[in-house]
Amino acid sequence: MDKATDERWMRMALEVARSKGSDPSTSPLGCVIVRDGQVLAAERNQTHELPDATAHAEMMAIRRACESLGDLELRNATLYSTLQPCGMCTMASIWSKVGRVVYGAGRDDVHPMYFEARHVDTLSFIAKAYRDDIVIEGGCLAEECATLYYGPDADLPEEEQANL
């Protein structure tokens with residue numbers, strides 16, 4: 001894909017992330033799954049609304065895309081996420097056979113609360129341990145995506161930090 005195409009779909013993911021507000025305490029993640037220029041799914045984090053700890057934006061988008069296709073495989077699709085996917089969402093991308101994952105803000109662009117408390121390099125783990133035909137690329141509109149979340153050095157009370 002070219003940069004302009006990736007940025008187009010990431011802007012849609014940003015819109016989806018902001019669809020119910022952009023307070024960083026609500027982890028406003030957005031995810032869009034595209035194949036052959038068609039949107040298969042566009043979802044926001046819904047963990048609190050459902051309530052469901054697995055209702056991350058990427059998980060919800062993978063579910064919706066598979067439902068819409070009537071297939072559990074999303075071969076040749078690209079998943080766009082405003083934040084580097086967690087281990088669970090990256091594994092779901094592997095199992096659903098997404099061809100490419102493009103994310104905006106990465107681990108170093110946001111507060112540590114958005115990631116596993118103990119640093120596990122899930123992207124390297126997956127690149128070495130699973131499919132060799134999945135492409136994972138970060139940094140698409142990273143600065144704009146990072147504005148959705150608390151900054152790396154934000155001074156947050158422990159009770160507001162999700163991963164503790």
Side-chain angles (χ1 to χ4, degrees), residues 1-22 24 26-50 52-110 114-116 120-149:
M1 289 285 163
D2 63 84
K3 182 178 177 182
T5 300
D6 284 344
E7 289 182 357
R8 171 185 172 207
W9 297 120
M10 187 62 74
R11 287 190 201 296
M12 179 182 280
L14 281 158
E15 287 177 33
V16 170
R18 294 182 185 117
S19 65
K20 292 184 181 171
S22 55
T26 65
S27 298
L29 269 86
C31 179
V32 175
I33 299 178
V34 178
R35 184 166 69 187
D36 299 326
Q38 298 292 112
V39 175
L40 301 180
E43 295 287 337
R44 185 186 194 280
N45 255 18
Q46 298 172 48
T47 52
H48 293 290
E49 296 93 327
L50 288 180
D52 179 350
T54 69
H56 291 193
E58 301 94 335
M59 298 293 288
M60 298 304 293
I62 289 169
R63 288 177 187 144
R64 297 296 167 259
C66 290
E67 287 170 3
S68 72
L69 295 172
D71 192 348
L72 59 88
E73 293 189 358
L74 300 173
R75 290 186 186 275
N76 302 313
T78 300
L79 181 150
Y80 293 91
S81 179
T82 55
L83 185 62
Q84 179 180 330
C86 70
M88 173 181 68
C89 294
T90 306
M91 289 305 299
S93 298
I94 296 289
W95 299 130
S96 64
K97 309 238 184 334
V98 164
R100 189 166 167 253
V101 174
V102 176
Y103 64 87
R107 179 184 290 273
D108 296 334
D109 301 320
V110 298
Y114 297 106
F115 290 95
E116 299 85 0
V120 176
D121 187 351
T122 53
L123 298 181
S124 291
F125 169 76
I126 285 160
K128 293 174 185 168
Y130 291 92
R131 296 178 25 224
D132 61 2
D133 63 338
I134 188 169
V135 176
I136 301 174
E137 301 172 11
C140 181
L141 301 179
E143 288 181 25
E144 191 173 343
C145 289
T147 64
L148 292 169
Y149 314 106

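Just so it is clear, the values below take in all heavy atoms, side chains as well, and ignore hydrogens, waters and symmetry mates.
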Note to self: Using side-chain contact (heavy atoms from CB on, under 4.5 Å), reason through His56 and Leu29 one step at a time and then give a plain yes or no.
What the structure shows: CA-CA 8 Å; His56 291 193; Leu29 269 86; 5.9 Å; no
Checklist line | side-chain contact (heavy atoms from CB on, under 4.5 Å) evaluation trace for Met10 with Cys145 | finding: CA-CA 9 Å; Met10 187 62 74; Cys145 289; 3.9 Å; yes
Check: Are Asp109 and Tyr149 close enough, and set up right, to give a side-chain contact (heavy atoms from CB on, under 4.5 Å), and what steps lead you there?
Finding: CA-CA 9 Å; Asp109 301 320; Tyr149 314 106; over 6 Å; no
Next item on the list: For Cys66 and Leu74, run side-chain contact (heavy atoms from CB on, under 4.5 Å): C-alpha distance rounded to whole Å, both residues' side-chain angles, the deciding distance at 0.1 Å, then the answer.
Entry: CA-CA 7 Å; Cys66 290; Leu74 300 173; 3.9 Å; yes
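Here the side chain of Gln84 pairs a donor or acceptor atom with the backbone of Arg107 at under 3.5 angstrom.
Nearest approach of Ala142 to Gly104, heavy atoms of both residues: CB-O, 3.6 Å. Of all heavy-atom pairs spanning Val16 and Ala42, the tightest one is CG2-CB, 3.9 Å. Considering all non-hydrogen atoms of both residues, Pro85 and Ser81 come closest at CG-CB, 4.4 Å. Scanning all heavy atoms of the two residues, the minimum distance from Gly30 to Ala17 falls at N-CB, 3.4 Å. The shortest non-hydrogen separation linking Trp9 to Val34 is CD2-CG2, 3.5 Å. The two residues Ala77 and Ile33 come nearest to each other via the heavy atoms CB-CG2, 3.9 Å.
One finds the OG1 atom of Thr82 at 10.5 Å from the CD atom of Glu144 (value rounded to the nearest 0.5 Å). Glu143 CD to Leu141 CG: the interatomic distance, rounded to the nearest 0.5 Å, is 10.0 Å. Atom CD1 of Ile134 is separated from atom OG1 of Thr90 by 8.0 Å, given to the nearest 0.5 angstrom. Met59 contributes atom CE, which lies 8.0 Å from atom SG of Cys86 (distance to the nearest 0.5 angstrom). The CD atom of Glu67 sits 10.5 Å away from the CG atom of Leu69 when rounded to the nearest 0.5 Å. In this structure, CD1 on Ile136 lies 7.5 Å from OG on Ser93, to the nearest 0.5 angstrom.
For Thr26, the side chain to side chain donor-acceptor pair (under 3.5 Å) test picks out no residue, with sequence neighbours left out. Taking the side chain to side chain contact (heavy atoms under 4.5 Å, CB included) definition, one finds that Asp6 meets it with Met1, Tyr80, Arg100, Val102, Glu137, Cys140, sequence neighbours left out. The side chain to side chain donor-acceptor pair (under 3.5 Å) test applied to Glu49 returns no partner, not counting sequence neighbours. Asp52 pairs by the side chain to side chain contact (heavy atoms under 4.5 Å, CB included) definition with Leu50, Thr54, Ala55, Arg63, not counting sequence neighbours. Partners of Ser22 under the side chain to side chain contact (heavy atoms under 4.5 Å, CB included) rule, at least two apart in sequence or in another chain, are Arg18, Leu148.
Residue pairs meeting the side chain to side chain donor-acceptor pair (under 3.5 Å) criterion with at least one member in residues 33-45, sequence neighbours excluded: Glu43-Gln46.
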